[in-house]
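As structure tokens, the structure follows; a few thoughts come after it.
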Amino acid sequence: MKFGFVCGRACLNFAGTMKHRYTSREEGMTSPQLLSEWAVQAGLVDSGIEVSDQDLATAIEVREAIFRTATARLDDRQPEPADVDLLNQRAAQPQLTPRLLVNGGTCREGTAPQLIASLAADLLDLLAGPGIANVKRCDHPNCSLLYIDSSRAKNRHWCGMATCGNKAKVQAFRARQRAAAN
């Protein structure tokens, strides 16, 4: 499976593995192997990692806490106490760490619990820094992605121009054509 990485942070990209949260919910993490593939595609590890069913369940639990906590911040609400506890607990665990090899190269490897800890810690780092002010929701009605608006004017509306932005512009164009035809 090919995953998308348009959100600007690993934690937000991971939260985006549940698509269309407000409409037809599409789960992207349906097997332990998919979590391993996501980690490789995200560039967090160089090769697949072993993921158990329990690791996957924990990752999904953390993913949902990441999404709820980030959206609570966007809505100027306090996060759920259970989410705070879960994220703090997971972020305090050992995280993925690159290793220096004897030949001077580097290697990125780790375990599923380290991956989960890294994702929780990434959200905490985002919340603690100035980047949280640039987190936005995609304006497309069928998209539930959160992303970092890195545009100079901070006026980005969609998670990605190639996906939701293009769809929205095509829909607006067709609506103008229909209105002009009437």
Side-chain angles (χ1 to χ4, degrees), residues 2-29 35 38-45 58-98 108 110 113-172:
K2 180 102 169 104
F3 294 97
F5 299 92
V6 298
C7 300
R9 288 293 286 249
C11 61
L12 299 179
N13 283 321
F14 188 58
T17 61
M18 168 61 81
K19 296 181 181 180
H20 317 296
R21 286 175 181 274
Y22 306 120
T23 55
S24 60
R25 294 178 68 91
E26 183 182 325
E27 176 62 70
M29 292 288 125
L35 178 58
W38 181 88
V40 172
Q41 290 178 33
L44 299 175
V45 293
T58 301
I60 290 172
E61 182 181 20
V62 168
R63 178 193 68 193
E64 295 308 300
I66 287 170
F67 184 81
R68 286 189 300 266
T69 301
T71 55
R73 182 66 175 263
L74 292 176
D75 295 339
D76 292 322
R77 293 182 287 111
Q78 290 190 350
E80 295 294 322
D83 291 340
V84 170
D85 291 343
L86 175 64
L87 292 169
N88 282 331
Q89 175 197 22
R90 290 298 168 179
Q93 301 300 311
Q95 299 173 32
L96 297 172
T97 306
R108 294 172 297 163
Q114 289 173 319
L115 169 65
I116 296 164
S118 295
L119 293 168
D122 188 49
L123 177 70
L124 299 187
D125 182 61
L126 175 62
L127 292 171
I132 190 64
N134 298 322
V135 173
K136 293 184 175 179
R137 288 181 178 93
C138 183
D139 278 352
H140 194 280
N142 197 30
C143 184
S144 56
L145 288 183
L146 305 175
Y147 65 92
I148 305 280
D149 183 355
S150 56
S151 66
R152 187 173 22 186
K154 304 294 183 228
N155 61 354
R156 192 169 139 196
H157 295 282
W158 303 288
C159 59
M161 198 54 214
T163 53
C164 292
N166 187 50
K167 290 176 190 174
K169 288 188 175 222
V170 167
Q171 289 170 345

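- Annotation for Ala70 and Leu146: closest pair CB-CD1, 3.7 Å, computed over non-hydrogen atoms.
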Inset, instruction - Please test Arg21 against Phe67 for side chain to side chain contact (heavy atoms under 4.5 Å, CB included), starting from the C-alpha separation and ending with a verdict. - result: CA-CA 10 Å; Arg21 286 175 181 274; Phe67 184 81; 3.3 Å; yes
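- Nearest heavy atom pair, residue Gly16 against residue Lys19, reads O-CG, 3.7 Å.
- Between the side chain of Arg9 and the main chain of Asp122, a donor-acceptor pair closer than 3.5 Å is present.
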Legend entry - Leu35/Thr17 under side chain to side chain contact (heavy atoms under 4.5 Å, CB included): CA gap, chis, key distance, verdict: CA-CA 10 Å; Leu35 178 58; Thr17 61; over 6 Å; no
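- Ile66 and Ala15 get closest at one heavy-atom pair: CG2-CB, 4.2 Å.
- Asp85 is linked by a salt bridge (Lys or Arg N to Asp or Glu O under 4.0 Å) to nothing, counting only residues two or more places apart in sequence or in another chain.
- Checking side-chain atoms of Asp83 against main-chain N and O of Thr69 turns up no donor-acceptor pair under 3.5 Å.
- Within a 6.0 Å radius of CD in Gln93, other residues, nucleotides and ligands contribute more than 12 heavy atoms.
- If you take CE on Met18 and CD on Glu27, they are separated by 4.0 Å, rounding to the nearest 0.5 Å.
- Minimum interatomic distance between Gln78 and Ala72 (heavy atoms only, all atoms of both residues): O-CB, 4.0 Å.
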Legend entry - Arg73 vs Val135, side chain to side chain contact (heavy atoms under 4.5 Å, CB included): CA-CA, chis, key distance, verdict: CA-CA 9 Å; Arg73 182 66 175 263; Val135 173; over 6 Å; no
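- Between Cys159 atom SG and Lys136 atom NZ the span is 13.0 Å, to the nearest 0.5 Å.
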Inset, instruction - Show your reasoning for whether side chain to side chain contact (heavy atoms under 4.5 Å, CB included) applies to Leu145 and Leu12. - result: CA-CA 8 Å; Leu145 288 183; Leu12 299 179; over 6 Å; no
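- The distance from the CD atom of Gln95 to the CD atom of Gln114 is 9.0 Å, given to the nearest 0.5 Å.
- Residues Pro141 and Thr23 approach most closely at O-CG2, 4.4 Å, considering heavy atoms.
- Closest non-hydrogen pair, Leu126 versus Gly131, comes out as CD1-C, 3.8 Å.
- When each of Phe3, Tyr147, Trp38 is tested with Asn13 by the rule side-chain contact (heavy atoms from CB on, under 4.5 Å), just one qualifies, namely Trp38.
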